[in-house]
Amino acid sequence: LPAAPRFRVATERGGKHAAAVTSMAVSAAVADALVDPLASPCGHWVVDLKSPDSITVVVALAHEALLVGFMLPPFASNRALPPSPRAWLPASSRQRPHMSPCRAACLVRLCRLRPGERFLDPCGGLGIIAIEAVLAVSGLEAAVSIDIDPEATALAEHHAELTGLAGVVRAVSGDALALDGAGDDYDCVCVDLPYGSQHPRLNVAKLLKSVAGVLRPGGRALFVDSVQNGAAVRHSVAHQEAWALVAERYFDMAGIEAVAFELRRV
């Protein structure tokens, strides 16, 4: 690094903190430490909010955890994560909050799908996980995307048509908490739980019972949630005889600490 690196600070804050602990206050505290020549091993850092070549110090404060990272120039774009374009995902759909296709592909890989299996996403949104499942596993018998929002379901159906997979990918309007009419038993279910201020919190215990009703014995389920809310999944699994917890996998999802619970239907 040069003797006087140029930098700016970007802070995301979540959880209950004192009124004085704002995102701006956290950014200022980090900046003060970096511009202090006694605190910094690289000497005096210089704040520069406009230069495209400034180092971006990324700070995430979530409850009692503080994560600090650095984004170094040159930057391909101003996004924290690289885009994952898909020819079947129109620009109009990209403007809506939705699952990233690359992240969906990673979740599909954790599901360990095999040819001939039936796959279900009961919180399907725009159908991205179901489509990525069929694209990743040749010979999948069916991939069904269910969402309570009719507009999202219509878009999921449209996306399946654009991929030419409408015969394998099905989009259905329905309630994830009441899957009795979802059809035959499934081999694998992937549940990306909605969380954050934009989505209402689902009843995890009721959702687990609903999923257990459509998953064949020995079938697999992947429940994805934030680490902050993960205790609800763990507690519900422990109190339902239909489930066995196989593994927990922790990962970062665009700055949010997340956990994927691998479950087996007993």
Side-chain angles (χ1 to χ4, degrees), residues 14-15 63 97-99 103-104 107-108 110-113 117-130 133 142-157 169-251 253 256-266:
H63 298 280
H98 62 77
M99 159 77 66
R103 178 168 163 254
L107 296 183
V108 166
L110 284 177
C111 289
R112 300 185 181 89
L113 294 172
E117 290 190 323
R118 294 173 52 81
F119 173 80
L120 173 66
D121 177 5
C123 302
L126 304 185
I128 294 177
I129 294 181
V144 179
S145 176
I146 296 178
D147 199 274
I148 199 168
D149 180 2
E151 182 183 353
T153 302
L155 284 171
E157 188 174 27
V169 177
R170 288 197 302 116
V172 180
S173 291
D175 187 351
L177 300 181
L179 294 173
D180 294 341
D184 298 334
D185 290 346
Y186 290 88
D187 299 284
C188 184
V189 177
C190 180
V191 182
D192 182 56
L193 284 163
Y195 46 86
S197 59
Q198 295 179 342
H199 305 285
R201 182 71 183 161
L202 290 178
N203 184 317
V204 174
K206 190 174 181 179
L207 180 58
L208 278 164
K209 291 181 180 179
S210 179
V211 169
V214 298
L215 190 65
R216 67 168 178 79
R220 311 175 305 283
L222 188 74
F223 271 65
V224 182
D225 205 349
S226 65
V227 170
Q228 175 186 345
N229 297 323
V233 178
R234 195 178 296 106
H235 178 270
S236 297
V237 169
H239 288 79
Q240 293 189 23
E241 295 181 354
W243 294 107
L245 178 59
V246 177
E248 298 181 21
R249 299 182 182 277
Y250 293 84
F251 59 97
M253 183 186 63
I256 299 174
E257 290 186 61
V259 55
F261 296 92
E262 295 185 33
L263 309 176
R264 180 172 56 85
R265 174 76 164 87
V266 295

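Everything quoted here is computed from the prediction, not taken from an experiment. Along the sequence shown, the residues carry numbers beginning at 1.
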Checklist entry - Got a salt bridge between R220 and D187, using NZ or NE/NH1/NH2 to carboxylate O under 4.0 Å? => result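 D187 and R220: not salt-bridged.
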
Checklist entry - Does the side-chain contact (heavy atoms from CB on, under 4.5 Å) test come out yes or no for F223 and V211, once each step is laid out? => result CA-CA 11 Å; F223 271 65; V211 169; 4.1 Å; yes

Looking at [X] and [Y], would you say the former's side chain and the latter's main chain have a donor-acceptor pair under 3.5 Å?
X    : Y    : answer
R265 : A212 : yes
S210 : A176 : yes
Q240 : A205 : yes

Could you measure the distance from the [atom1] atom of [X] to the [atom2] atom of [Y]? Nearest 0.5 Å is fine.
X    : Y    : atom1 : atom2 : answer
W243 : F261 : CH2   : CZ    : 13.0 Å
L110 : F251 : CG    : CZ    : 7.5 Å
R103 : I129 : CZ    : CD1   : 7.0 Å
L207 : S236 : CG    : OG    : 9.5 Å
D185 : L120 : CG    : CG    : 11.0 Å
S173 : D147 : OG    : CG    : 7.5 Å

Using every non-hydrogen atom in the two residues, find where [X] and [Y] come nearest and quote the distance to one decimal.
X    : Y    : answer
L193 : V233 : CD1-CG2, 3.9 Å
G15  : H63  : CA-CE1, 3.5 Å
R170 : V172 : NH1-CG2, 3.6 Å
A260 : L222 : CB-CD1, 4.0 Å
D121 : C190 : OD1-O, 3.2 Å
N203 : L177 : O-CD2, 3.8 Å

Item to check | Exceeds 12 heavy-atom contacts within 6.0 angstrom, atom NE2 of H235 | outcome: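 Not more than 12 within 6.0 Å, no.
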
Taking C-beta and beyond as the side chain, do [X] and [Y] meet within less than 4.5 Å on heavy atoms?
X    : Y    : value
P122 : V191 : yes
C123 : D192 : no
V246 : L263 : no

